[in-house]
**Q** 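Sharing a structure below in structure tokens format, with a few things to ask.
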Amino acid sequence: MTPFKAAIIRILTCLLLITLLTTGGCRKKSKPVPSGLSPAEQAVKEKEFLGDPSTVLCPLEETTISKLDIPEENLPSFIRRMQYNKKKTLKQAHITLENRDYLVLLGETPSGDFSLYDIQKQQAPSWWGAWSLYSKHPVSGKLYEFLTVNNGTQIAARPYQGDIGIIKIGSGGRDLQKMEFSGSLRDASWSSAAVGNLNDDLWPEPGMEFSVPVGDYTPYIMNITYDTLKICISDNYHTNAEGQKRGPDRKTVYGITIRKDQPYVLDFSTPPVVVFDQPSSEQNTFRPGDEIKFAAVLVDPKLDVMIRGLHDTSVQEDKTIDTPNPSVRKPNKSLEPAVVITRTNGEIVAEGTMPFG
């Protein structure tokens with residue numbers, strides 16, 4: 001076991017020494033869906049796109065899900081959501097970029113109902129943020145931007161023309177033999193960028209450094225491997241290190257600063273902290289017999305990044321997970337914290353693990 005892994009486990013193992021019975025662990029919350037560009041932002045962007053000779057314009061046509069020439073098993077996730085909500089109509093456009101044919105699919109919300117479907121592969125990218133019209137979309141080694149123009153009757157696409165910077169994974173002074181990462185980042189406008197070159201399945205492949213557009217970001221979802229330790233991180237949509245819950249008064253930290261002339265190194269050099277999401281800091285008195293739910297998150301206090309999971313890739317758990325292929329796989333061992341709950345006199349009331357979730 002590496003010193004870094006041991007330190008993380010020590011932090012997690014010391015999570016709770018509590019006088020009341022717990023009934024749960026971490027829980028996920030749904031993320032807010034942004035509304036898209038304001039009219040003023042749309043007008044500025046549209047002028048830029050239409051004035052650029054490299055912009056490709058194609059008509060958007062209304063169609064129904066039943067008429068899409070896409071295998072059922074390959075339908076983009078937002079269309080599956082439409083089916084679940086019994087919605088049938090969307091817009092589509094055929095577009096050719098870098099000598100490759102794509103189908104642009106667009107639903108009601110550009111920031112969440114977009115797909116760039118590769119006709120030859122019969123597949124759409126599924127990296128976190130690929131579903132947003134406003135993200136930077138990899139196409140044959142280049143990045144493309146998209147925009148609806150002319151009152152939503154056309155889709156416009158052009159190569160990204162802004163500055164590019166470097167993000168790389170670092171050891172933080174630890175003795176490591178293997179370091180790699182991949183995933184995606186998003187900025188304050190909910191524009192996302194893939195971190196990693198897309199493989200044949202249109203998913204970011206891990207590596208040690210990648211080029212991304214200059215900007216200030218938070219992780220959307222990122223996976224990091226340090227030797228046999230695999231870490232999953234995202235933006236922290238729970239409680240931060242100061243005890244503030246996500247809400248209108250708490251600003252998202254965009255601490256991953258990508259600049260043209262200075263590579264950004266993600267190295268986890270800031271010690272993580274454990275923060276309780278439930279019960280709230282204001283709720284500190286209880287009556288005998290109350291059932292209390294405890295939920296805790298592990299965060300990087302500097303970046304306000306949530307650590308969603310820790311796994312030991314050298315050990316596989318004795319259970320299987322179904323995959324679409326069809327096939328099954330054995331998951332890596334989750335390094336879940338041990339939790340001990342005691343009374344004030346030291347009597348153990350309960351003990352177990354608090355899974356990530």
Side-chain angles (χ1 to χ4, degrees), residues 28 30-36 56 58-140 143-148 152-157 182-184 186 190-205 220-223 232 234 320-329:
K28 294 181 180 178
S30 59
K31 296 183 179 181
V33 177
S35 59
V56 178
C58 290
L60 277 167
E61 301 172 345
E62 190 169 285
T63 187
T64 61
I65 295 175
S66 61
K67 292 182 180 180
L68 291 175
D69 187 19
I70 297 176
E72 177 71 24
E73 63 274 15
N74 293 347
L75 285 174
S77 58
F78 89 85
I79 295 181
R80 295 184 183 279
R81 188 171 67 249
M82 289 179 61
Q83 290 176 319
Y84 178 81
N85 293 323
K86 302 189 184 313
K87 295 182 179 181
K88 300 179 180 180
T89 61
L90 69 160
K91 291 184 178 182
Q92 69 171 356
H94 287 83
I95 193 168
T96 300
L97 303 172
E98 303 299 324
N99 299 315
R100 197 172 186 89
D101 294 330
Y102 295 90
L103 187 63
V104 171
L105 302 170
L106 191 63
E108 295 178 344
T109 309
S111 55
D113 299 347
F114 171 84
S115 183
L116 184 63
Y117 183 83
D118 188 314
I119 294 175
Q120 180 178 336
K121 286 182 176 292
Q122 291 193 325
Q123 191 175 2
S126 57
W127 51 272
W128 282 67
W131 50 71
S132 173
L133 174 76
Y134 308 120
S135 293
K136 307 298 187 297
H137 297 270
V139 176
S140 299
L143 293 178
Y144 269 79
E145 298 177 290
F146 292 83
L147 189 72
T148 55
T153 61
Q154 292 180 303
I155 189 75
S182 64
S184 62
R186 70 166 181 83
W190 288 80
S191 172
S192 299
V195 177
N197 302 317
L198 300 193
N199 60 20
D200 289 341
D201 293 326
L202 304 180
W203 185 259
E205 280 285 335
Y220 218 147
I221 287 286
M222 295 185 70
N223 292 303
C232 179
S234 76
T320 58
I321 296 177
D322 291 327
T323 57
N325 290 339
S327 65
V328 294
R329 66 178 179 86

**Q** Do L75 and Q83 come within less than 4.5 Å of each other through their side chains, counting heavy atoms only?
**A**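 Heavy-atom side-chain distance check passes, below 4.5 Å.
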**Q** Find out whether P138 and L143 are in side-chain contact, i.e. whether some heavy atom of one side chain is under 4.5 Å from a heavy atom of the other.
**A**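 Counting from C-beta outward, P138 and L143 do come under 4.5 Å.
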**Q** Do V104 and L116 come close enough that some side-chain heavy atom pair is under 4.5 Å?
**A**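 V104 vs L116: side chains touch.
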**Q** Please examine the side chains of L105 and P76, heavy atoms only from C-beta on, and report whether any two atoms are closer than 4.5 Å.
**A**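 They are in contact (side-chain heavy atoms under 4.5 Å apart), so the answer is yes.
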**Q** How many angstroms lie between atom OG of S77 and atom CG of D113, to the nearest 0.5 angstrom?
**A**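 Those atoms lie 9.0 Å apart.
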**Q** For the residue pair F146 and Y144, categorise the inter-ring angle as parallel (less than 30°), tilted (30 to 60°) or perpendicular (more than 60°).
**A**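 Tilted, since the angle between the ring planes falls between 30° and 60°.
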**Q** Please tabulate, for the side chains in residues 59-70, all donor-acceptor contacts under 3.5 angstrom to protein atoms that are two or more places apart in sequence or on a different chain.
**A**
| unit_1 | atom_1 | unit_2 | atom_2 | d |
| --- | --- | --- | --- | --- |
| T64 | OG1 | S66 | OG | 3.1 |

**Q** Is the number of heavy atoms from other residues, nucleotides or ligands under 6.0 Å of E98 CD greater than 12?
**A**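 Yes, CD of E98 has more than 12 neighbouring heavy atoms, counting only those of other groups under 6.0 Å.
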**Q** When rounded to the nearest 0.5 angstrom, what is the spacing between CZ in F78 and OG in S115?
**A**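 One finds 6.0 Å between CZ of F78 and OG of S115.
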**Q** Mark yes or no for whether Q123, through its side chain, and D201, through its backbone, hold a donor-acceptor pair below 3.5 Å.
**A**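 A pair under 3.5 Å: yes.
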**Q** For residues 117-135, pull every pair meeting salt bridge (Lys or Arg N to Asp or Glu O under 4.0 Å), keeping only residues two or more places apart or in separate chains.
**A**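 The answer is R100-D118.
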**Q** Would you indicate whether the side-chain heavy atoms of S111 and W190 approach each other to under 4.5 Å?
**A**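 Contact flag for W190/S111 side chains = no.
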**Q** For the atom pair CE (M222) and OG (S182), what is the distance rounded to the nearest 0.5 Å?
**A**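 Between atom CE of M222 and atom OG of S182 there are 7.5 Å.
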**Q** Check whether the ring centres of H137 and Y102 lie less than 6.0 Å apart, and answer yes or no.
**A**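 Aromatic pair excluded; centres sit 6.0 Å or further apart.
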**Q** Rounded to the nearest 0.5 Å, how far does NZ of K91 lie from CD of Q154?
**A**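 Separation between the atoms: 11.0 Å.
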**Q** Between the main-chain N or O of Y220 and the side-chain N or O of S184, is there a donor-acceptor pair closer than 3.5 Å?
**A**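 Side chain of S184 to backbone of Y220: no pair is present.
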**Q** Ignoring hydrogens and geometry, is there a side-chain-to-backbone donor-acceptor pair from Y117 to Q122 under 3.5 Å?
**A**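 Between the backbone of Q122 and the side chain of Y117 there is a qualifying donor-acceptor contact (under 3.5 Å).
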**Q** Is there side-chain contact between K136 and S191, with heavy atoms separated by less than 4.5 Å?
**A**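 They are in side-chain contact.
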**Q** Given side chains that start at C-beta, do those of L198 and P204 come closer than 4.5 Å, heavy atoms only?
**A**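 A side-chain contact exists here, since the closest heavy-atom pair is under 4.5 Å.
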**Q** For C232 and I221, work out which heavy atoms get closest and say how close.
**A**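 Closest pair (atom of C232, atom of I221, distance): SG-CG2, 4.4 Å.
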**Q** Check whether any side-chain heavy atom of I155 lies under 4.5 Å from a side-chain heavy atom of L133, and answer yes or no.
**A**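 Counting from C-beta outward, I155 and L133 do come under 4.5 Å.
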**Q** Please check: side-chain N/O of S135 versus main-chain N/O of G129, any donor-acceptor pairing under 3.5 Å?
**A**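 Side chain of S135 to backbone of G129: a pair is present.
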